[in-house]
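Read the structure below first, then the notes.
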2 protein chains.
Amino acid sequence: MNVTFNKRDPVYVQVIRHFKEQIATGTFEPGQEIPSRRELANRLKINPNTAQRAYKEMEEAGLIYTERNLPSKITKDEKILQSVRKELIMEAVDNFVHSVRSINVPVEEVLTLVKEKYESGREGDEA
Amino acid sequence: MNVTFNKRDPVYVQVIRHFKEQIATGTFEPGQEIPSRRELANRLKINPNTAQRAYKEMEEAGLIYTERNLPSKITKDEKILQSVRKELIMEAVDNFVHSVRSINVPVEEVLTLVKEKYESGREGDEA
DNA sequence: ACAAGTGTATTAATCGATTAATACAAACCA
DNA sequence: TGGTTTGTATTAATCGATTAATACACTTGT
């Protein structure tokens, strides 16, 4: 549970992003308990309401669920879990293609650059 | 000179981006005159100060230059002109690779998706 | 000389999302 | 039972970047 915040995006957005990445990589199991709002706030040194906001949006998106006032858990819905990965990928691809298209970069050049860049930092998996 | 603004990014940032794209694609020639601040503001329906801010930042970056109070012009420095394209591309590639790495997408899958997406919308050149 | 168009600088207002404060309700556990 | 921990809701404050208002200086062309 290590998150480094940039100051460009809102904290709650970055928290959501972090959870989505954990889900997409399979670090979170279906049904797994996640930290309480206050617990997460303590760990990340953020305001409890900010944690709450992140959790609330994730719950509305079906990523987590809450029964009574027990600690929230990762959804067990495999469809949703898989779609998280797909959506993260598609979003990245869409943004990227849009960017390079707007400056007329040939597709071959694009592919070469991506491949090189991807393989250049190839050790372990730092986010 | 057609710009569609989103409401996520500041206007002046989008204006700069627009000019950079024009430079990167060669739509602007070295030394070419560009619209005055007020003229641009009129065309784009934005505040003159917003146009000024965009121009000021572009001037600081060496993209344009101003002699006395004549209309500003695109720089003639080929080094800078070329670097604009390179930087736009590199920025896009960096962001993209970072995104897909953080969710462990294999490079082959990434390349395939980019290629497909890139070639899917293949007609004319809409930004 | 004058009018209209440049670029520039200083200062102020806006504006909205984000973050925070606080209180409430329910459940669990010792 | 009582204290602690859940989740939740409502409201308020903050906060900073972005945008806007205004005035000035200079040049050009008629």
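- The distance from atom OH of B:Tyr65 to atom P of C:dG7 is 13 Å, rounded to the nearest whole Å.
- Taking only side-chain atoms of A:Ser72, from C-beta outward, the nucleotide of D:dG7, C:dG7, D:dA20 with the closest atom is D:dG7.
- Checking A:Val13 against B:Lys56, the closest nucleotide of DNA chain C that is more toward the 5' end is the one next to B:Lys56.
- A sub-4.0 Å separation between OP1 or OP2 of D:dT18 and a side-chain N or O of B:Thr50 is absent.
- Between the CG atom of B:Asn69 and the C1' atom of D:dC26 there is a distance of 5 Å, rounded to whole Å.
- A:Arg37 has a side-chain polar atom (N or O) that falls below the 4.0 Å cut-off from OP1 or OP2 of D:dT8.
- Between B:Arg8 atom CZ and D:dA17 atom P there is a gap of 17 Å when expressed in whole angstrom units.
- Remark: A:Arg37 is not positioned above the aromatic ring of A:Tyr55, lacking an NZ or CZ atom under 6.0 angstrom from the ring centre and at most 45 degrees off the axis.
- Of the side-chain N and O atoms in A:Ser36, none sit less than 4.0 angstrom from OP1 or OP2 of D:dT5.
- Along DNA chain C, the nucleotide nearest to A:Pro48 and the one nearest to B:Ile34 differ in position, and the one closer to the 5' end is contacted by B:Ile34.
- Straight-line distance from the CG atom of A:Leu70 to the P atom of C:dA26: 15 Å, rounded to whole Å.
- Residue B:Tyr12 is classed as a sugar-phosphate contact, given heavy-atom separations below 4.0 Å to backbone atoms only.
- Relative to the side chain of A:Asn49, the nucleotides D:dT8, C:dT22, C:dT19 differ in distance, and C:dT22 lies closest.
- Out of D:dT19, C:dT8, C:dT19, the shortest distance to the side chain of A:Pro10 is found at C:dT19.
- Here the side chain of B:Arg53 is nearest to one of C:dA26, D:dA9, D:dT18, namely D:dT18.
- Listed nucleotides: D:dA23, D:dA20, D:dT8. Nearest to the side chain of B:Asn47: D:dA20.
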